Every structure is written in C-alpha cells, then in structure tokens.
A.B. asks: 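Have a look at this one before I ask anything.
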Amino acid sequence: MSSKRTRLDRFLAKQLQVSRKQVRLILLANRLTVDDALVRDMDYQLDEFHQVALDGQLLRGDRPRYIMMHKPVGVVCATKDDIHPTVLDLLPEEDRCGLHIVGRLDLNTSGLVLLTNDSRWSRELMTPDRHVPKEYQVTLKNPLSREYIPSFRDGMYFGYEDVTTLPATLEILGPHLAKVILVEGKYHQIKRMFGRFRNPVVGLHRSRVGNLTLDIDLPPGQWRCLTEAEVVTL
Ligand code: URA
C-alpha cells in the first residue's frame, strides 16, 4: 500500500491558516503531537494515517476504528486494485476513509483480516519482535508426513531474503489438512514452506491473530467492529 506524505509545517500552515513562522512557534512550544508523541520538527513527514493533535485536540485522524473481516478468496488485501475487488470494497463507502490493512493475506487465502485507522496500534501489532502468533488451516494437494514437523520447528532458509524462518508449529489434522502457527509473515511463507516438500497448498485460511479468533458465524465478505476489550488484548 502506498502512502502519501506531507511535510508537517505545510500541513499545519494550511490546516490552521497560519504562517510558517507561527507553525514554528507552535512546535517549539511543545503543543503538537503526532500519534501521541511530541513533534518539534518542521520537516516531519506525515503519512495519511498519522493522528495529528494540537493541545490534545485532534486536527486530523478520526476516532480510532478497528475492524475484523472475513476475507473471501478472490479479494485482494490492498486499498486499490484495477482487477480484483479489495477488502475496502467490502465496507460501506462512508466507512472506508483512512483505514489500512494490518497484515495482508494472499489473493487466494481466506480468513481473518484486521483493518484500522490507528497506525500506532497496527505498528505495535506488526512489530517483528512481538512475534504475534497467526494460525492457519492449510489444505495440501499431497498427503502430509510427520517428517515436515521438524523442518517447520527448526526454521527454513529462504535464500531470496537471506533469512531463516522462526520456529513455526505444524500440526497434522488429517491426511491433507494441517494447522500452522507462524510468528512472522514472510512473502507467501506457508506456500513456500510446503513447497520445500513439493506439496502445493490448495487451500489456506487464517483463523487467528494473537488471541483474536475469527468469529465462526462471520461469513466470508462480512465484518464487524472489534470490542474495546479485543482492541486492548490484541
Ligand atoms: N502464507 C502464505 O503463503 N500466504 C498467506 O496469505 C499467508 C501466509
């Protein structure tokens, strides 16, 4: 997702209808925060998700919103796409503004997708060091073997990125069905991991992120707002 950037001084001058000199004074007086952190730098680059507040009053950035969506196969995790419908297209037009996607799924993966306009929350959730677990149900073309389990647990080397995957859990649920828990999100990670065993993934569904499980009665394409408790515990 591309994000448009604006210099903070330009934004403030326009928003408050004041001169650059007045903007400088506001910043020097420690009156301005971006995502709750004091900012004094005129050149600070704002992206479209930053919440800017003067004396504690939001100048930009809506009330924070947090959404759980059941992404269907064939819908793309992007804010715009010329070919496929996007997850934003599944929301009413008036609710889309300012939302971004927290951790994408591939076009042919279904399941739990989170959307928010709160960039601090999404950054925290996606920080690699936090190792937030994500649970997937995977359907494989060929029968599974217990030999896969240590490879998932010990990590696999991905030459393209020059990294070894972090320990992942693989549980065999049936001859062609597995549960996988990842604590990271490399590009096509699950497909590539099963690819090592020349076993194509034919179905992939994410059922959980952290301690938030996709509602079983939320049909594909539907969504709901998270409760305050869910937002906090995530
Ligand atoms: N791994 C994949 O290969 N695809 C996804 O969408 C998520 C994890």
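Read the numbers this way: they start at 1 and go in the same order the structure lists the ligands and their atoms. Quick caveat, the model's predicted, so the values are computed rather than measured.
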A.B. asks: Quick check for you: to the nearest 0.5 Å, what is the distance between L166 atom CG and R153 atom CZ?
C.D. replies: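 Here the interatomic distance stands at 14.5 Å.
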A.B. asks: With W223, which residues qualify under ring-ring contact (aromatic ring centres under 6.0 Å, His included), at least two apart?
C.D. replies: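 Result, ring-ring contact (aromatic ring centres under 6.0 Å, His included) vs W223: none returned.
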A.B. asks: Is Y187 close enough to touch ligand 1? Criterion: a residue heavy atom under 4.0 Å from a ligand atom.
C.D. replies: no
A.B. asks: Heavy atom under 4.0 Å from ligand 1: found in L182's side chain, backbone, both, or neither?
C.D. replies: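 For L182, there is no contact with ligand 1 at all, from either part.
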A.B. asks: Nearest 0.5 angstrom please: K191 NZ to R196 CZ, how far?
C.D. replies: 16.0 Å
A.B. asks: Looking at Y160, I'd like to know if its OH atom is crowded, meaning that more than 12 non-hydrogen atoms belonging to other residues, nucleotides or ligands lie closer than 6.0 Å.
C.D. replies: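 It does not: Y160 OH has 12 such atoms or fewer within range.
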A.B. asks: Numbering the atoms of ligand 1 from 1, which are under 4.0 Å from a heavy atom of T109?
C.D. replies: 4 (N), 5 (C), 6 (O)
A.B. asks: Do any nitrogen or oxygen atoms of K191 come within less than 3.5 Å of a nitrogen or oxygen of ligand 1?
C.D. replies: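 So ligand 1 has an N or O lying under 3.5 Å from an N or O of K191.
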A.B. asks: Check the pair R224 / E230 against salt bridge (Lys or Arg N to Asp or Glu O under 4.0 Å), numbers first and verdict last.
C.D. replies: CA-CA 12 Å; R224 71 162 172 88; E230 286 170 334; 2.8 Å; yes
A.B. asks: For atom 1 (N) of ligand 1, what is the nearest protein heavy atom, given as residue, atom name and distance?
C.D. replies: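 Here the closest protein heavy atom is I190 N, 3.2 Å.
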A.B. asks: Could you tell me which atoms of ligand 1, counted from 1 in the order shown, lie closer than 4.0 angstrom to a heavy atom of Q189?
C.D. replies: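 It comes down to these atoms of ligand 1: 1 (N), 2 (C), 3 (O).
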A.B. asks: So which bit of D106 gets within less than 4.0 Å of ligand 1, heavy atoms only: side chain, backbone, both or neither?
C.D. replies: both
A.B. asks: Would you verify whether the NZ or CZ of R192 falls within 45 degrees of the ring axis of F158 while also being under 6.0 Å from that six-membered ring's centre?
C.D. replies: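 Yes, R192 lies over the aromatic ring of F158.
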A.B. asks: Considering heavy atoms of the protein only, find what lies nearest to atom 7 (C) of ligand 1 and give residue, atom and distance to 0.1 Å.
C.D. replies: Y136 CE2, 3.6 Å
